[in-house]
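A short worksheet on the structure shown next.
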Amino acid sequence: MAINISSFIETLKKEVRHYTVPVVDLIAVQTKDPFKILVATILSARTKDETTAKAAQRLFEAAPDKKHLAALSRDEIQKRIYPVGFYKSKAVYLEKLPGSLEKFGGKIPETIDELITLPGVGRKTANLVMSAAFDKDAICVDTHVHRMMNIWGYVKTKTPLETEMALRKKLPRRHWKEVNSVLVAFGQGTCRPVSPHCDQCVLQTQCPQKGVKPRKQK
DNA sequence: AAAACGGGGGC
DNA sequence: GCCCCAGTTTT
């Protein structure tokens, strides 16, 4: 492999301002409220950060906490979160959320296993909430992180879950949280699967794919 | 116009 | 495992 994984992240970290900011950062700088971070992260699935941030803001105007959210109709939630991707499904998730929190005493749980029992929360979302809301050491592996880690040869895995487990062993703990901001942002903004911005990539000369588009041409 | 795509749920 | 969910971006 080209460079070790710590150097890889350190190099990107210096250039992070060039990349789009993940929605958790957008929300987290405005609030440390786990409820809002959780809701925004649920909304962010397969949706652009800017779209997600605006939708979350519209929703929070009417539902800044779980009590107010419980008072909203599914239709009202739908209207406020539109046009995030899969907004109908997400409206149902959010409608169920206050009730789902009851088995945790009405609070947002602080473990992965508990978080993924919530509607609309999978492993990627749970890890991001752990990191952004609770400042826990958690590695968020979205499809970009999964793809890049394999391209660079740091892991040889088939699923994002396997990648997460591999990184837990391989990646020094001090870098875990950085994956969630720096790497995620890099994957979305520069090292994208379609039309990557290789020309403005700080790791261009060391990239295993040099000039080759990361995307497979079937 | 059509395919690809930043997850997750239900089966 | 496979299919569904929607709007945006890319081809």
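To find a chain, count down the sequence lines: A is the first, B the second, and so on, and within it residues start at 1.
Straight-line distance from the CZ atom of A/F86 to the C1' atom of B/dG10: 15 Å, rounded to whole Å. Atom pair A/K54:NZ and C/dG7:P shows a separation of 17 Å (rounding to whole Å applied). The distance from atom CZ of A/R74 to atom C1' of C/dC5 is 14 Å, rounded to the nearest whole Å. Rounded to whole Å, atom C1' of B/dG7 lies 13 Å from atom CG of A/L43. In this structure, A/K88 atom NZ and B/dG10 atom C1' are separated by 18 Å, rounded to whole Å. Atom P of nucleotide B/dG8 and atom CD1 of A/I112 are separated by 11 Å, given to the nearest angstrom. Between A/H146 atom NE2 and B/dG8 atom P the separation is 14 Å, expressed in whole Å. In this entry the distance linking OH of A/Y93 with C1' of C/dA6 reads 12 Å, nearest Å.
Annotation: of the two residues near DNA chain B, A/H144 and A/I116, the 5′-most nearest-nucleotide partner is A/H144. Nearest-nucleotide mapping onto DNA chain C: of A/H197 and A/Y82, the residue sitting toward the 5' end is A/Y82. For the pair A/D142 and A/K96, nearest-nucleotide mapping onto DNA chain B gives the more 5' position to A/D142.
The side chain of A/P83 lies closest to C/dT8 when the candidates are C/dT10, C/dT8, C/dA6. In the set B/dG8, C/dT10, C/dC5, the nucleotide with an atom closest to the side chain of A/T125 is B/dG8. Comparing B/dG8, B/dC5, C/dC5 against the side chain of A/P193 picks out B/dC5 as the nearest.
Considering only side-chain N and O atoms, A/T51 lies nowhere under 4.0 angstrom from the phosphate OP1 or OP2 of C/dT8. Contact annotation: A/K124 side-chain N/O to B/dG7 OP1/OP2 distance is under 4.0 Å. Considering only side-chain N and O atoms, A/R46 lies nowhere under 4.0 angstrom from the phosphate OP1 or OP2 of C/dT8. In this model, the phosphate group of B/dG7 is approached by a side-chain N or O of A/T143 to a distance below 4.0 Å at OP1 or OP2.
Counting non-hydrogen atoms under 4.0 angstrom, A/G120 reaches the backbone sugars and phosphates but no base. Residue A/S44 is classed as having no contact, given no heavy-atom separation below 4.0 Å to the nucleic acid. Contact annotation for A/T47: base contact, defined as any heavy-atom pair under 4.0 Å involving a base atom. A/V121 comes within 4.0 angstrom of the backbone, heavy atoms only, and of no base. Using a 4.0 Å heavy-atom distance criterion, A/L118 is classed as a sugar-phosphate-only contact. Here A/Y87 lies in heavy-atom contact (under 4.0 Å) with sugar-phosphate atoms only.
Between A/Y93 atom OH and A/K90 atom NZ the span is 9.0 Å, to the nearest 0.5 Å. Here the NZ-OG distance, from A/K170 to A/S6, works out to 11.5 Å after rounding to the nearest 0.5 Å. One finds the CG atom of A/L69 at 13.5 Å from the NZ atom of A/K96 (value rounded to the nearest 0.5 Å). Here the CE atom belonging to A/M148 is positioned 11.5 Å from the CD atom belonging to A/Q209, to the nearest 0.5 angstrom. Taking SG of A/C191 as the reference point, atom CG of A/L203 lies at 9.0 Å (rounded to 0.5 Å).
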Tabulate atom names and distances for all N/O pairs under 3.5 angstrom spanning the protein and nucleotides 1-4 of chain C.
none

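A/V84 and A/Y82 fall within the same hydrophobic cluster, defined by Ile, Leu, Val, Met, Phe, Trp and Tyr side-chain heavy atoms under 4.5 Å apart, directly or through other members.
Considering A/N150, A/T143, A/I139 in turn, A/N150 is the only one that fulfils the side chain to side chain contact (heavy atoms under 4.5 Å, CB included) rule with A/T163.
Stem analysis of DNA chain B (Watson-Crick or G-U pairs, both distances under 3.5 Å, runs of at least three) returns B:1-5 with C:7-11, B:7-11 with C:1-5.
A ring pair (Phe, Tyr, Trp, His ring centres under 6.0 Å) check over residues 126-149 of chain A, counting only residues at least two apart or in different chains, returns nothing.
The aromatic rings of A/Y154 and A/F8 sit perpendicular to each other, their planes meeting at more than 60°, with 30° as the lower class boundary.
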Query - Stepwise side chain to side chain contact (heavy atoms under 4.5 Å, CB included) test for A/I112 and A/M130 - result: CA-CA 7 Å; A/I112 301 289; A/M130 289 285 284; 3.5 Å; yes

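The P atoms of B/dA3 and C/dC4 are separated by 15 Å, rounded to the nearest whole Å.
Counted by atom type alone, A/E76 and A/S73 present zero donor-acceptor pairs between their side chains at under 3.5 Å.
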